[in-house]
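Along the sequence shown, the residues carry numbers beginning at 1.
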Amino acid sequence: MSAPTDTQAPQQPQPKRKFTFPSALTVLVIVTIAVWVLAFLIPSGQYDRDDSGAPIQGTYHRVDSGRSFVDRLNDLFLSPVNGLYGIQDTKTSLVAPDNTGDLYGSAGVFLFVLAIGSFITVVFATGALDRGIGRLAHRLRDRGALLIAGVMVVFSVLGTVEGFAEETLGFYGLIVPLMLALGYDRMTAVGTIILGAGIGVLCSTVNPFATGVASAAADISLGDGIVLRFIMWIVLTAVTVTYVIRYAKRVQKDPERSLSGFLPGDRDQEEAEAHAVEVPELTGLHKAVLTVTALVFAFMIFSVVPWSSALSGKADATPYGFELGWSFPELAALFLVAAVLVGLVAHLGEQRLSSTIIQGAADFISPALVILLARGVTVIMNNSKITDTVLHSIEGIVRGTSSGSFAIIVFVVNLPLAFLIPSTSGHATLAMPVLAPLADFAGVSRAVVVTAWMNLWVPTTAVTIGGVALAKVGYDKYLRFIWPLLAVLFVLICGFVAAGAAWT
């Protein structure tokens, strides 16, 4: 046997694989299996229902689910299908694809998400929205505070009406150099982008992926509670913009106070570099596309708001003649038609428009699948008759609390769910069937429950992790930057939901 020679290269140690938090789809598959297993352990029970189908407080009682192991296994196997188009039998309340009764699945919301995905993708394909934001940043390049405020407000508006979040990842290449050239740091750019869009999504007024899905799951109109959400959006956006500007001015005055620090070359960028970034002017076609887009969202808001209730303050007010009372089927059709309209205005051509609409639906299949998977979990709970048991256990916690305390408790309960399921649509679909009836017990509008959540900080979303990576800022440094704001927002949101609960 020959001795090993010195020329043999030593084996390199294999790099350790970093843990990556699973996607929302994977989390929901795990949740589905976990709930299916727990259904064997949680006692079956139910409430008596009123004429509208809402549970009557104090009427919970144990019942036999009547489900054999084979039946339960079939529920698990068919849970995604039931989550899409399961039908609830009017007599037994069981959900299955071939039943006769009312639609329990989320087919309407599923199609709506695909439709708005097509619309948003067509709008981005025209280049109008990207160029519009780019022009805004370029025009305000000499006025740092106004630039931060302007970009954040635009992102916040887009976030509150259409869930603008992942789309912000494309703007780091423009915003980061601008902020550095104006004497700010990379954290300022992160705060401007993530918090600008994030605060809009947090205060979603008509965001279909958050408020829309939550309203559908809670069985209320998208317009219910819109006044509270609008006021909250204005106040929280103002607070967040002020917070970022205050930090930016502090760094500009004393760069040593930067939380992100500076990479080689960051401090060498002259303000002239910001002037050198030329963004093409908006053409008449771009202006037309932006006008059509704004009108579509304005019409969506008009179509879903219960104007008689909003203006009179009475939930049972007789609808005005001009109210449309639209829901997800009509809105899905609206955005499909609007996608075609934008394509015609932008002269995309039949081939490109068709492929863009299909691509848009494909790009949004992930949140759509999250919705049906989450709904499939509620089907398993419904067929096993454990939904009311879970509701009854939480009822014991909130029983006797004031309406304001109840709203705050619901908000706190939603915080860990936001970490586990960062998808707002999946979170809403999973949580609302249990949380919304609690509002009935507390004498609070279900719209308050729809309002109560926050996920600006969670590391399980690509918007946050991808954003800090693109800006080359550590996530730990981002947490140091954001935690004082989170504390302020927590207090403000608790105040809003408590006031909203008392008001309704």
ask   = So Phe119 and Phe297, would you call those rings parallel, tilted or perpendicular, with 30° and 60° as cut-offs?
value = perpendicular
query = Without hydrogens or angle criteria, can the side chains of Ser156 and Thr237 be said to hold a donor-acceptor pair below 3.5 Å?
reply = yes
request  = Could you check if a side-chain atom of Ile357 sits within less than 4.5 angstrom of a side-chain atom of Thr121, using non-hydrogen atoms only?
outcome  = no
ask   = Side chains of Phe335 and Val122: closer than 4.5 Å at any heavy-atom pair?
value = no
ask   = Any side-chain hydrogen bond (donor to acceptor under 3.5 Å, both in side chains) pairs touching residues 96-117, not counting sequence neighbours?
value = none
query = Is Asp71 reaching over with its side chain to a backbone N or O of Ser68, donor-acceptor style, under 3.5 angstrom?
reply = yes
query = Any donor and acceptor pair, going by atom type alone, linking the side chain of Gln88 with main-chain N or O of Val95 inside 3.5 Å?
reply = no
message = Side chains of Ser65 and Arg72, heavy atoms from C-beta outward: is any pair under 4.5 Å?
response = yes
inquiry  = Ignoring hydrogens, what is the shortest heavy-atom contact between Val113 and Ile371? Give both atom names and the distance.
reply    = CG2-CD1, 3.5 Å
message = Side chains of Leu94 and Arg67, heavy atoms from C-beta outward: is any pair under 4.5 Å?
response = yes
inquiry  = Is any side-chain heavy atom of Phe406 closer than 4.5 Å to one of Val448?
reply    = no
Distance, nearest 0.5 Å, that separates CG of Leu236 from CZ of Arg229 = 14.0 Å
inquiry  = When you compare the side chain of Asp224 with that of Ser215, does any pair of heavy atoms fall below 4.5 Å?
reply    = no
query = Hey, is the main chain of Cys203 close enough, under 3.5 Å, to the side chain of Thr160 for a donor-acceptor pair?
reply = yes
request  = State, with a plain yes or no, whether a side-chain heavy atom of Ile199 is found less than 4.5 Å away from one of Leu489.
outcome  = yes
ask   = Should the pair Phe40 and Trp36 be assigned to parallel (<30°), tilted (30 to 60°) or perpendicular (>60°) ring geometry?
value = perpendicular
key: Close aromatic pair by centroid cut-off 6.0 Å: Tyr243 and Phe481   = yes
message = Quick one, His61 and Asp48 - any side-chain contact, counting heavy atoms below 4.5 Å?
response = yes
message = Given 3.5 Å as the limit, does a donor-acceptor pair link the side chain of Arg375 with the main chain of Gly105, or not?
response = no
inquiry  = Using 0.5 Å steps for rounding, measure from the CD1 atom of Ile42 to the OG1 atom of Thr389.
reply    = 7.5 Å
